[in-house]
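Here's the structure, in structure tokens; my notes come after.
Chain identifiers are assigned alphabetically (A, B, ...) following the order of the sequence lines, protein sequences preceding nucleic acid strands; residue numbering begins at 1 within each chain. Keep in mind the model is a prediction, meaning the values are calculated, not measured.
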Amino acid sequence: MSFTHKTKKLFTRWRFIFLAIMLLFALLLISPHPWREGVAISGVTQGSPAFAAGIFVSEKGVSPINREVIHFVNSVEIKSVADYYAAISNVNINDSVFIETSKSSYALTATEKDLGIRVTQAPKSNIRMGLDLQGGTRILLEPENKISNDDFTTLQENIERRLNLFGLSDIRVSIINDQPVGGNPQYLLVEIAGVGIEEVETLISRQGKFEAKIANQSVFLGSDIKSVSSDARAGAGVDSRTCGAASQGGYSCQFHFPITLSLEAAQNQANITKNLDIITENSQRYLSQKLDLYLDDQLTDSLSIGADLKGRALTDIQISGGGSGATLDDAIANAVANMKELQTVLKTGGLPSKLDIVRADTISASLGDSFIGNSFFVGLMIFVSITAVIYLRYRSWKITLPMVFLSFAEVVLLFGFAALVGWNIDLAAIAGIIVLLGSGIDHLVIIIDEIQSGESKHESWVARIKSAFTIILIAYFTTVVAMLPLLFAGAGILKGFALTTIAGVTLGIIVTRPAYGAIAEVLHNDN
Amino acid sequence: MEHSNKHPKDNSNTKTSSGKSSFGDKFYDSYLKHYKILVVIPFIILLLALCQLGFQYATAHDFVNKGIALKGGVSMTVERIDSFTALSLQKEIASSFPSNEVNVRELASLGKLNGFIIESDLTSLEDRDKLVSVVEGLFPSLGSNDYSVEVTGPSIGQQLFRQAQIGLLIAFISMGIVVWFSYKTPFPVFGIILAAASNMLITLAIFNLTGEKLTAAGVAAFLMVLGYSVDTDILLASRLLKRADAPFKQRLLSAIKTSFLMTATTAAAVMAALIFTNSDTIRQIMFILTIGLVVDVFITYLQNANLLRIYLEKKGEVTVK
């Protein structure tokens, strides 16, 4: 039978058509764009110039390929993250910045040097890459006290909000339950792509218990704060007049921002202040006691209360703090960072419990990049080696090529599934894929050998296929069962391996093995 | 008929068409003849493995050498070499942490040195920061984007290990159930479970002897060893138990050829990855799998095949001339 005749016959077999359709579907889901350039917007800080210009990142549900990508900054083409940072380093305060993206154009005014846009290299496909490949931070948190399931949900939402407010949207906060059946959740896993650990460590783990006291009497708590302003026009920011040389060397600067209290809290404050005396200091009149601000039981600030506020219910208060650094710029930057962190913590409120960091990983992006490149190379080497082994055994390209093709088709299907489900591919998942390539072909070997040995005994085709598939199914169940514990163990650190293996063999059972049966049938039934 | 020409060589007869025995045939005959001795060998090796594990437990209070992720500690991967060797870097760093264990390994692929992996049993975040600043001091060109740091608290590592052990037990039991439902006779089930267990224990012992330290990824590798070692044993059992239509010798030989090919393909993929990868995580997984595969060949043919043969002979279903 000629090759074209056989190929046509192949397409009449529904098992093969099914495979072809699934492969096409998978490729559509993966949506490969290998020549894509530019940087994707992964987050926008609230109150930043970018935020004011209307740039935002929608919360969830955008596939990587559909993210907004910056192509031009002030007409300079942006191809990489380095390009972007080079372009904005030339921006001065009050400059206009014109940004063109895949979706729209924006005009920004640089009210501060940091435009507030976080960027990552534009994704070349819909496959989400885990932190191992992308770089980022992964923190596993354990509450110090036992908290309820509801509290865990509050914790999760709170931390997500904190990170979002801070301008980080490429995040994943998950509640981890170690026991597969029943049991209470125990950990919170925070994964943030493209960010170093110093930036987020304190932000996340800080309990944020805020309390204001006068002479050790509680005046108001964090929950009494109705609003926190980050608006520069309302007076929020670093006051450059307060910057000066610090006594121990270096510089320090002060920041302040206004907050609004609830009426009850303001009334409470009035009740306390009306009993205080008035003192005079530097020809100014103040109340005898100060307003002490405590964050997580540590005194962060002591504010003098003006005498005219005695007995008055005041809802607007200014919170202040400071930052320091080796140079003036460092001090300002530090003060801004501290201010933003405090604002975020006050806006989101305190966490139900103090959190311990039980695991903290920072993975570098460049290491991740080299892993990706290397993985493709390893894939090629595997292709060469399994082809060699199979050919050595069967000495026939007719048998070898379809087998190898199907092994790789399985991997494509797996990636398609990963893109659909929004899975993160990490190094453990890649290891799972490598093993899948080698062991997936085992099942095809079983099919071929059953067919051939059955042939010499003149068994019917159906019987041969059936016995092959029985063996394969048993092997399938044992593999799945061996992988199940990995789904939960160790707060899910090896989930990637388990998921790719289970999904891979399942897709194999449903799609590629039957397709191979069809291929083998066409190739061998020449009569 | 084009049939026989395209048919790959089928040497189910031990004599070639010319009537003379080849080396392979002699080897196979010898294998068949001495099966009672051969079946004992895996048990001896298993015993040795158990001794190693027992010794390991007695001296180190653990069945396996644990790495940082399982014991707790800091692991820092640096993509720089400058003028350091693993040893010289270790000395430098250790001098800043006199009361802690500091270990430096090479990060290499294809024999080329790419960087270093620094491990220590420091567990607090402040200590981690100190380690990072010490390393940054030693590598002046190091930017914050050029290294990775992982800190694991001791309790979570222990949990992972404990859970993996429980998981392993559950996997064994579930596998036993699946196999039981497939073959419904106790002996093959026992044989497969024994083979899988022997495979795992011997692989573990060999791993210990290499001096490598187990990471979280390594735990996954061991579970995978369990998964596919069962594949070859299941194939063997199916071929030998279900098809009584050809002489035993023939069935066994064809089963051996199939399962050997299965192991060879998996080994090809795994070893290619082992040689060419630049990730330490993948490297350890592939390393353990390679050991597991080699042990699997051993166990399947010497132990499982011969045990099944003894069982079938005792049942009177098989006589091998």
- [ ] Below 4.5 Å from any heavy atom of chain A, which atoms of B:T281 appear? Answer side chain, backbone, both or neither.
- [x] side chain
Task: Worked check of side chain to side chain donor-acceptor pair (under 3.5 Å) between A:D361 and B:S148 - done: CA-CA 7 Å; A:D361 301 340; B:S148 300; over 6 Å; no
Task: Portion of B:L289 that has a non-hydrogen atom of chain A nearer than 4.5 angstrom - done: side chain
Task: Portion of B:I285 that has a non-hydrogen atom of chain A nearer than 4.5 angstrom - done: side chain
Task: Top contributor to chain B contacts, counting heavy-atom pairs under 4.5 Å, from A:F477, A:Y476, A:F377 - done: A:F377
- [ ] Please examine the side chains of B:D231 and A:H443, heavy atoms only from C-beta on, and report whether any two atoms are closer than 4.5 Å.
- [x] yes
Open item on the list: So for B:R162, is it side chain, backbone, both, or neither that comes closer than 4.5 Å to the heavy atoms of chain A?
Closed with: neither
Open item on the list: Minimum heavy-atom separation for B:N278 and A:S370, please, with both atom names.
Closed with: ND2-O, 3.5 Å
- [ ] Determine whether A:T501 and B:M224 make a side-chain contact, defined as any pair of heavy atoms from C-beta on separated by less than 4.5 Å.
- [x] yes
Task: A:I472, A:I446, A:I474 screened by side-chain contact (heavy atoms from CB on, under 4.5 Å) with B:I234, the one that passes - done: A:I474
TODO: Indicate yes or no: at least one non-hydrogen side-chain atom of B:M286 is less than 4.5 angstrom from one of A:V435.
DONE: yes
Open item on the list: Is it the case that over 12 heavy atoms from other parts of the model lie below 6.0 angstrom from the CZ atom of B:F260?
Closed with: no
Open item on the list: I need the minimum non-hydrogen distance between A:S385 and B:A269, along with the two atoms involved.
Closed with: OG-N, 4.2 Å
Task: Option in A:T362, A:I357, A:I390 with maximal non-hydrogen atom pairs under 4.5 Å from chain B - done: A:T362
Task: Minimal non-hydrogen separation, A:Y394 against B:L261, with atom names - done: OH-CD2, 3.3 Å
Task: B:T77 OG1 to A:I363 CD1 distance, which is reported to the nearest 0.5 Å - done: 9.0 Å
Open item on the list: Checking B:S279 against A:N374 for the side chain to side chain donor-acceptor pair (under 3.5 Å) test, could you report, in this order, the C-alpha distance in whole Å, the side-chain angles of both residues, the deciding distance, and whether it holds?
Closed with: CA-CA 9 Å; B:S279 147; A:N374 180 260; over 6 Å; no
Open item on the list: So which atom in B:R128 and which in A:A360 form the shortest heavy-atom distance, rounded to 0.1 Å?
Closed with: NH1-CB, 3.9 Å
